[in-house]
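See below for the structure under consideration.
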There are 2 protein chains.
Amino acid sequence: MITIKDVARNSGVSIKTVSRVVNNQAEVSPETRQKVQQTISQLGYQPNMTARNLVIGQSNTVGVIIPNSADYVFLHPFFNEVLRGIAEVLSENHFNLLLHLAHDDAPYARLYSQRKVDGLILMSIPIGDPNIQGLEESGAPCVCTCRISETNNSTNWVDADFAGGVEQAMEHLISLGHRRIALLAGTMNLVSVRLRVLGYQNALRKHGLPVEDGYILEGEFTSESGHVLAAKAMKHPNPPSALICGDDMMAFGAIQALKELGYGVPEDVSVIGFDDISLARFSSPPLTTIRQDTYQKGRMAAESLLAFMRDKHNAPPQQILLDTFLITRNSSAPAKN
Amino acid sequence: MITIKDVARNSGVSIKTVSRVVNNQAEVSPETRQKVQQTISQLGYQPNMTARNLVIGQSNTVGVIIPNSADYVFLHPFFNEVLRGIAEVLSENHFNLLLHLAHDDAPYARLYSQRKVDGLILMSIPIGDPNIQGLEESGAPCVCTCRISETNNSTNWVDADFAGGVEQAMEHLISLGHRRIALLAGTMNLVSVRLRVLGYQNALRKHGLPVEDGYILEGEFTSESGHVLAAKAMKHPNPPSALICGDDMMAFGAIQALKELGYGVPEDVSVIGFDDISLARFSSPPLTTIRQDTYQKGRMAAESLLAFMRDKHNAPPQQILLDTFLITRNSSAPAKN
DNA sequence: TAAATTGATGACAACGTTGTCATTAATATG
DNA sequence: CATATTAATGACAACGTTGTCATCAATTTA
């Protein structure tokens with residue numbers, strides 16, 4: 001391995017001068033600079049970042065935490081769009097991206113305490129995650145792509161407007177004449193899911209509609225879960241004429257279940273998804289859904305973290321709410337009666 | 001920041017002894033060990049991995065390279081399954097995962113030269129990638145989830161059996177009576193695509209069928225491309241009765257195009273995909289496709305790399321071919337005539 | 001002309017670990 | 001009992017950088 005010493009010896013200067021050239025610092029004469037640069041490319045020298053990081057006391061790396069206990073998060077189609085947004089921003093800012101699966105037994109705060117990363121982006125952390133406390137104690141700069149609790153405003157977070165999105169879907173359905181609308185929600189230990197419920201309730205209240213018992217069904221963000229919950233919803237004594245699903249995967253499963261039960265979509269039952277993943281328009285019928293800009297979400301999360309890291313003392317926690325958009329396709333139609 | 005010195009001072013031993021305790025080395029008396037461990041948890045000491053890595057001369061990190069010039073690779077649904085496989089194996093082996101988008105101007109060999117990673121996993125690198133040479137010169141341990149060239153056997157790689165998979169699909173279609181089968185391939189600068197073509201040609205030859213001009217269409221792994229190519233295929237003077245697509249996304253686009261042109265799928269035209277992504281069974285009709293175990297592919301790639309890194313000198317390059325499986329759903333049916 | 005300032009450079013410590021080797025005390029061996 | 005061996009520990013160098021400060025020559029200022 002070629003080190004800075006080799007370069008120094010070969011170009012007849014001190015290691016400090018080589019360091020100055022490598023880091024593009026001013027106080028080097030043009031001749032010396034050129035001589036050193038020539039030696040560097042001749043020897044193929046590359047600075048050892050580990051040594052550099054040790055001295056400057058940071059790693060130029062950001063950790064991205066993904067819960068692996070809930071497999072669907074990692075495998076969910078929206079996940080790589082967020083990740084891509086994050087990766088691009090980090091790359092533009094010459095930061096590395098350390099991808100880390102959260103297990104229960106490996107507290108991710110260690111990534112910071114052990115100086116592997118300078119900050120963390122947390123994706124879809126469930127409420128009550130035991131690692132959160134250790135994380136706060138460690139003092140790691142941190143941004144969540146979800147709120148950690150509904151009321152929390154001491155953390156940085158970037159969220160889609162889940163409540164607003166569901167409200168949009170409700171407005172759409174209500175304007176089509178639907179009055180019996182069920183919500184196939186995700187796991188209630190996610191704030192994003194609780195916010196969907198909030199939006200659902202807000203819309204009902206606004207239009208003076210009753211909150212029917214058994215119209216809010218809890219499940220997971222998978223097609224299987226959507227399948228199960230849709231079947232369950234239709235067994236309700238007063239079955240709904242429309243379903244709003246926690247995400248598009250659930251919606252796909254729900255549509256399949258409805259078809260199996262002999263319901264036409266959207267003739268008998270309207271179905272609305274959430275996310276607008278790239279396949280939403282290939283389902284049958286093409287899916288009406290609430291679009292969230294997941295790529296942008298990733299970019300914002302990374303930018304917010306970098307800004308916070310640069311200016312830890314003065315920066316107040318940033319809380320960013322991203323707009324959602326109703327994409328009307330063919331899975332929603334006027335209510336029958 | 002608490003360092004090893006603080007722990008040493010607080011427990012009245014030398015830093016070397018603390019180091020021994022931290023690294024669970026044998027030659028420490030039980031009493032000393034306990035005393036030190038107590039101080040560690042009392043002070044909340046976490047070793048600085050940067051310093052450690054500097055001394056031991058490795059980073060315990062593996063880089064995963066994803067080309068970002070071809071966006072579809074990153075955004076492709078199969079990608080996170082591979083990544084998850086990789087991430088799990090690395091995590092099990094206490095390695096970190098550095099995710100890196102390949103741009104043209106940032107040669108990824110530097111990740112190794114600069115000691116940021118101990119080895120690399122390359123995903124879907126196109127033929128003629130200018131970074132490959134620098135990578136070989138750097139001597140970085142390396143595994144590709146694709147072959148870099150058809151004939152290359154000096155690199156480690158893990159591949160699905162693309163040729164065999166397409167051959168399976170061909171056998172299936174031929175047994176259903178199809179004789180006019182087109183291949184909607186991906187970009188020809190990927191070895192995996194060339195291997196698909198190879199499988200296609202093998203099957204034709206085996207059954208004494210002619211290679212019809214204009215039946216192999218080049219495109220991208222996107223639904224848009226599938227849409228365009230399917231339309232193009234059906235304009236052929238002797239239009240095909242079946243389409244084999246480079247991946248499921250293309251198949252979704254192709255099915256949509258066929259429907260728009262008034263063809264029934266599978267009554268008029270059979271369509272077969274590749275990958276069996278989780279949504280393949282939600283398309284309409286549910287998609288017949290060649291399944292590849294992408295999660296396993298990720299695991300194998302990571303395991304192969306770790307094995308190679310442990311034993312760089314003796315280990316010959318590993319070349320692993322993973323089986324594919326035909327999943328028969330409803331998008332393929334007997335030929336009409 | 002002498003003193004002060006500037007520019008270019010290098011010697012050396014520091015970052016927080018681990019590796020090497022020496023030292024000491026306790027134990028085993030002849 | 002004297003010597004050899006083992007176990008436990010620590011002093012110090014090393015890893016490859018950057019930061020601090022000193023040095024020296026060249027220039028500017030008074």
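Order of the sequence lines fixes the chain letters, A, B, ..., with proteins taken first and strands second; residue numbering starts at 1 for each chain. As the structure is a prediction and not an experimental result, all values here were calculated from the model.
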Find the distance [X]:[atom1] to [N]:[atom2] and express it as a whole number of Å.
X: A:N48; N: D:dG16; atom1: CG; atom2: P; answer: 7 Å
X: A:R52; N: D:dT17; atom1: CZ; atom2: C1'; answer: 9 Å
X: B:I4; N: C:dA14; atom1: CD1; atom2: P; answer: 18 Å
X: B:M1; N: C:dG16; atom1: CE; atom2: C1'; answer: 13 Å
X: A:K35; N: C:dA8; atom1: NZ; atom2: C1'; answer: 12 Å
X: B:D6; N: C:dC15; atom1: CG; atom2: C1'; answer: 14 Å
X: A:L54; N: D:dA14; atom1: CG; atom2: P; answer: 17 Å
X: B:Q34; N: D:dA8; atom1: CD; atom2: C1'; answer: 17 Å

Quiz item: So A:E81 and A:T294, side chain to side chain donor-acceptor pair (under 3.5 Å) or not? Walk me through it.
Solution: CA-CA 6 Å; A:E81 294 184 26; A:T294 42; 2.5 Å; yes
Quiz item: Does any N or O in the side chain of B:S59 come within less than 3.5 Å of the main-chain N or O of B:K116, such that one atom is a donor and the other an acceptor?
Solution: yes
Quiz item: B:N156 side chain to B:Q318 main-chain N or O, any donor-acceptor pair under 3.5 Å?
Solution: yes
Quiz item: Picking from D:dA11, C:dT9, C:dT18, which would you name as closest to the side chain of B:I15?
Solution: C:dT18
Quiz item: Which nucleotide in the list C:dG16, C:dT18, D:dC15 gets nearest to the side chain of A:K5?
Solution: D:dC15
Exercise. Using heavy atoms to find the nearest nucleotide of DNA chain D for B:E31 and A:I56 separately, return the residue whose nucleotide is more 5′.
Key: B:E31
Quiz item: How many angstroms lie between atom NZ of B:K297 and atom CG of B:L83, to the nearest 0.5 angstrom?
Solution: 13.0 Å
Within the pair [X] and [N], is there a side-chain N or O less than 4.0 Å away from OP1 or OP2?
X: B:N53; N: C:dT17; answer: no
X: A:S29; N: C:dT9; answer: yes
X: A:N23; N: D:dT18; answer: yes
X: B:T17; N: D:dG10; answer: yes
X: A:T32; N: C:dT9; answer: yes

Quiz item: Do we see a donor-acceptor contact under 3.5 Å between the side chains of B:Y45 and B:N10?
Solution: no
Practice problem: Could you tell me whether A:V13 contacts a base, only the sugar-phosphate backbone, or nothing, with contacts defined as non-hydrogen atoms closer than 4.0 Å? | Solution: sugar-phosphate
Exercise. Remember a base hit wins even if backbone is also touched, and classify B:V22 as base, sugar-phosphate or nothing at under 4.0 Å, heavy atoms.
Key: nothing
Quiz item: Distance under 6.0 Å and angle within 45° of the ring axis: does A:R115 meet both against A:Y112?
Solution: yes
Exercise. Look at the side chain of B:K16 against the base of C:dG19 and say whether a donor-acceptor pair falls under 3.5 Å; ignore hydrogens and angles.
Key: yes
Quiz item: Is there a donor on the side chain of A:R20 or the base of D:dG19 sitting less than 3.5 Å from an acceptor on the other?
Solution: no
Exercise. Tell me which of B:Q25 and B:A51 sits closer to the 5' end of DNA chain C, going by the nucleotide each one is nearest to.
Key: B:A51
